[in-house]
Every structure is written in structure tokens, then in C-alpha cells.
Amino acid sequence: MHTTFRKRKKPVYPLVFAAFILLAIPIAVYSLLSSLNFDIRHLAYEETYLPSPCTIHIPYVNSRTLAIDNKYQIHVYTYLQREKVKSIKIHEKNTGDLFSKEYRQTPANISETFAFSPNQLGKQNIYGEIQTTSGTYECKMDREQTIVYVIEENHPPEFLTDPYYSAKPRSSALSKEETYEYTLEVADRDLDQIEYHYSFTPRAHWLNKTVLESGKDGRLKIRFSGTPDRDGSYLANIFVHDGHNKHLSAQSWVISVGQESTDIPVRDEPKYPLVDFDFDFDNEIILLEPQIAKILPRENTYVTNPRTTISANLIASHNSTIEEDSVVFKLNNSNLSKQADFVQISKGEILLRYTPEKNLETGEYRVYIYFEDSMGNAIDREWTFTLQPDLSEENFLGIPITTFMIFSVGTLLVIFALSIPWVIYIAWKKDQPQDYEEITIIKPEGESSYKKSFEKKS
């Protein structure tokens, strides 16, 4: 006896494919929409990396904690390529006009400093515009100072540690080849950025400095450690300030190696003058030694912008000027002094700025700056920062989010959505005879072996 059954000639996968698409689309959409920052407008901004044509900056101080009725200096500078400045106006919403000037010779770029004395508590709105030979540009606050806020009183930074009680070992005299360690901590109750100026006995280099907290957000933490190689008394000084005129705090101590405790002087301020408070503004602290202050990026910090701007304020000693030809700026041992921009704030101070022309690679970077002033004083400063990828904002499953990626994913989703009706139609359409082939089943004649075995047992 012969019979047949129908077998599909080729396997059909549309139903499985349709189910996969139906499940994949909501998962993909949910994953993209739940990203921490799907808004890619900031990427378009970072692709240009051009400084603002006109920048308003309040040097040294935290713009969020200005004290009422104090007198501050405001610095305005421009960054123009093929235009010249004709006039400038700076305003404050409550106070009115703060500064205005017209230029007869139309300089390519300007740098102006003027006074500002807030007389109302709360948020202040400082803005302005420049008129150039090509048009009008808005003057905006510095990116680090987006808010200007006035409070009742601003407090100086305070030392939280004492080198004579917190140092290890605590004995008054240190033996040679014995390791010394002291962790200095400073805090500012207003959370102002803390700047510091450190000096150690000339020609003594065994005491190393490691910055644990850079002073940002009102916390400074530095570890001093080392092993002396000869006997003697070593003097260490550190000055900290938050940018306000009389908010300078100092700590001085002597490390006595191989000598009796009687050789240690009384703990007081240094007996030689290092600072003068006779200045016009409340945000003008100038040591009688050159400084490199307001460094950005901060020491031992992490940044995600591959074209982050590196900057520092170079300040000459009092009554002197900076020798610009002596300025050395290095990034990872590459001398970039000629590529850096110099913005003059005053006769004794310049702002050094450098924005990379190309994206920096991920990793650690070491910045070195050196300069001399007209009094023959020299100073250098070295610090490091780390560039890391911003995975939380610019990556999806480890893949960088770009405009091309967004467009591609959107196009695929549209194609998938349009293909669903067609896939469902293919999966559920009526079968056609040509889709099958007849398979013959041959059934053996006679009685089955099972029946025979059953009869035998009976």
C-alpha cells in the first residue's frame, strides 16, 4: 500500500525574522532614549572648539561668592581673526553701564580691566557687546564663571593641620636617612578655589610634594615626604588664598635634621616680607615673588574634552613686568610656546592660553610653564591632568555616538518598520501547490512483526 505526504521544498524564515524585528525595535529605541545624554548639540559645539569672540572674566575669585560692597576687577578680552574692534560696552542689569570705550585705531584684539563693586545681594547679570568692522558680537561670561552671585561676607581659607603635630615622625629632630611625611589640609567654608604658593629651603630638593586634592571646591590636600641626605635646618613655607585681597594664610615650619629642638624657631609668619596688601582691588593678591596661578585644567584632575583649553595666569613680582621672550610652555615635553596665546591683563600679568588644534589622545598629560620678570626673578610650575573618554555621554555600548551613527540607526529603524507588513504577508500568505513536493511512503505488505510476536506469546 502506498500513500504520500506534502513537504515544503524550502524552509521559510520570515515569521522568525518578523518576530526578531518586533522585539529588536523597542529594545533599540528604549536603549537610545534612556541614554544619559542623547542630546548631541554639545557635540556640535565641541567640534568647533573656538573661544568666544568676547569673554568677560573676574580673575582669581569665585564668581559665585563675591562679597557685597567689595571692589573687584573685571577683565574683558576678545578673540578675533580677521576683524577689528571699534567699540565695547559692558553692562550689569541692576547697576547699569560698567564700562564703555570707542577705539579710533580699531585694534585687532583688546584687553580691558575695570572696577566692579556689587551693591545688591543675589544673582548679578553681567553682559555686553563689541562692535567690529564686520558686525556686533555678544560678550559672555567665562565658561568657568557662568554665574555671578553676591553674598554678605567671604571667608579666608583655613589650615586644618599643624606640621608640628601632624608630621611623622613627631619628634622635634629628624635623624638623617629617616623618612619625613606631613599631609597638609586646607579648607574654605565658601567652597572657593584655593590657590597656593610653596617654597622650600633653596638648593634643598629632598622634600617632595604630591597634590592629593587640587584646591577645587574649597579643599586643598598636599603630602610632603622625603628622606634628607644631610644634617641641617630646612625651612618650608606655604601661602594659600582664595583670590580675595586680605584672605592670605601662611604656614611656615622648620624640619631639623640631626639637631636639637632648640634650633627650631618659633612658629610665626616669615620674618621677610612676601606680600603687600596695598592694592586697588579686593581680588588682587600679589606676592613679592612671581606666581603661576589659576591653572586649568586643575592639578591631578580628569577631563573629557579632547581639545580642552590649558591656561594659567603668569604674575610678575611687585613693580615688575613679565619678560615674554622668557616664557616656556611645554605639553608632554613638546615646546608649544609659539602656539600659545598671551592675553595681557596688566603690566605685570598675562593670561597664557592654549587650545589644541587637533584632538588630544586619551592619557596623562604633563604641563610645564616657566618665565622670568624684569627684576630677574624666575619661577616654573609643573602639573598633570588626565584625558579620559566620556563614556557616559558620548558612547552607546562602548561605541562613540556620532551624527552618522544616529542617522544610520534611524534609517535602519525606518526600513525595519516598513518591512514588517511585507514580512508578515510572506509568513501568513496562502500556500501555493508549487511550494510543496509529494513524498511517497511505502508501507510493507503482510502482517506486522508486532502482531506476530503478540500471537506467539498468546
Side-chain angles (χ1 to χ4, degrees), residues 55-77 111 113-118 124 126 141-159 184 186-198 211 213-222 237-251 274-299 301 311-318 343-346 348-353 369 379 381 383:
T55 301
I56 305 173
H57 178 63
I58 307 178
Y60 315 124
V61 297
N62 182 358
S63 64
R64 298 170 181 261
T65 59
L66 302 182
I68 191 169
D69 295 329
N70 279 11
K71 187 179 179 181
Y72 298 96
Q73 59 177 321
I74 293 183
H75 180 224
V76 182
Y77 59 94
S111 176
T113 301
F114 57 91
F116 170 60
S117 183
Q124 306 289 300
I126 301 177
M141 291 296 299
D142 188 275
R143 292 178 62 184
E144 298 290 330
Q145 297 180 334
T146 55
I147 295 177
V148 179
Y149 201 86
V150 181
I151 60 177
E152 285 281 0
E153 182 183 3
N154 192 288
H155 305 85
E158 300 174 348
F159 287 95
L184 175 142
V186 185
D188 189 289
R189 69 176 72 180
D190 301 306
L191 304 182
D192 294 335
Q193 180 173 299
I194 301 174
E195 296 287 345
Y196 70 91
H197 177 80
Y198 165 72
V211 178
E213 294 185 47
S214 63
K216 184 181 179 181
D217 299 327
R219 296 287 301 186
L220 177 66
K221 191 174 183 179
I222 304 176
N237 296 293
I238 186 164
F239 295 84
V240 297
H241 63 86
D242 59 2
H244 293 265
N245 192 319
K246 297 184 179 181
H247 289 185
L248 183 75
S249 301
Q251 193 174 87
L274 287 176
V275 66
D276 186 356
F277 291 116
D278 186 19
F279 297 105
D280 296 332
F281 300 101
D282 287 283
N283 59 329
E284 189 176 10
I285 289 184
I286 299 181
L287 298 174
L288 299 184
E289 295 180 354
Q291 301 177 71
I292 299 176
K294 195 70 176 180
I295 60 172
L296 291 174
R298 298 292 295 173
E299 199 165 5
T301 56
S311 65
N313 287 62
L314 312 186
I315 308 172
S317 57
H318 192 34
V343 180
Q344 184 175 6
I345 298 178
S346 64
E349 179 178 0
I350 62 174
L351 171 65
L352 184 151
R353 290 171 54 95
I369 297 178
I379 188 174
R381 186 166 181 178
W383 75 93

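The figures that follow rest on heavy atoms only: side chains count, while hydrogens, waters and symmetry mates do not.
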Worksheet item: Run the side-chain contact (heavy atoms from CB on, under 4.5 Å) check on I68 and I151 step by step: do they pass?
Response: CA-CA 6 Å; I68 191 169; I151 60 177; over 6 Å; no
Practice prompt. Evaluate the criterion side-chain contact (heavy atoms from CB on, under 4.5 Å) for residue pair V61 and L66; output intermediate values, then yes/no.
Written response: CA-CA 8 Å; V61 297; L66 302 182; 3.7 Å; yes
Nearest 0.5 angstrom please: [X] [atom1] to [Y] [atom2], how far?
| X | Y | atom1 | atom2 | answer |
| --- | --- | --- | --- | --- |
| Q145 | N62 | CD | CG | 7.5 Å |
| H57 | I126 | NE2 | CD1 | 12.0 Å |
| H241 | Y196 | NE2 | OH | 11.5 Å |
| E195 | K294 | CD | NZ | 6.5 Å |
| I350 | L352 | CD1 | CG | 6.5 Å |
| D69 | E153 | CG | CD | 12.5 Å |

Worksheet entry | Given I379, I292, I295, the one that forms side-chain contact (heavy atoms from CB on, under 4.5 Å) with I369 |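 The side-chain contact (heavy atoms from CB on, under 4.5 Å) with I369 is passed solely by I292 among I379, I292, I295.
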So, for [X] and [Y], which heavy atoms are closest and what is the spacing to 0.1 Å?
| X | Y | result |
| --- | --- | --- |
| S63 | I58 | CB-CD1, 4.4 Å |
| V186 | L184 | CG2-CD2, 3.5 Å |
| A293 | R381 | CA-NH1, 4.2 Å |

Under a plain distance cut-off of 3.5 Å, with no hydrogens placed, do [Y] and [X] share a side-chain donor-acceptor pair?
| X | Y | result |
| --- | --- | --- |
| T65 | N154 | yes |
| S111 | H75 | yes |
| Y77 | R353 | yes |
| Q193 | D242 | no |
| E289 | Q291 | no |

Side-chain ([X]) to main-chain ([Y]) donor-acceptor, under 3.5 angstrom:
| X | Y | result |
| --- | --- | --- |
| T301 | R298 | yes |
| R219 | A187 | no |
| W383 | P297 | yes |
| S249 | E158 | no |
| D190 | H155 | yes |

Discussion item. For Q124, give me all partners under side chain to side chain donor-acceptor pair (under 3.5 Å), at least two apart in sequence or on another chain.
Written reply: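 None.
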Discussion item. Restricting to side chain to side chain donor-acceptor pair (under 3.5 Å), what partner residues turn up for Q344, sequence neighbours left out?
Written reply: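 So Q344 forms no side chain to side chain donor-acceptor pair (under 3.5 Å) with any residue.
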Would you say [X] and [Y] make side-chain contact, with heavy atoms under 4.5 Å?
| X | Y | value |
| --- | --- | --- |
| P157 | V240 | yes |
| I56 | M141 | yes |
| I222 | Y198 | no |

Worksheet item: Should R64 and E144 count as an ion pair when the cut-off is N to O under 4.0 Å?
Response: no
Worksheet item: Given the rule in the side-chain contact (heavy atoms from CB on, under 4.5 Å) test, do S311 and L351 qualify, once you have shown the distances and angles that lead to the verdict?
Response: CA-CA 7 Å; S311 65; L351 171 65; 4.3 Å; yes
Worksheet item: Between H197 and F239, what is the ring plane arrangement, given parallel below 30°, perpendicular above 60°, and tilted in between?
Response: tilted
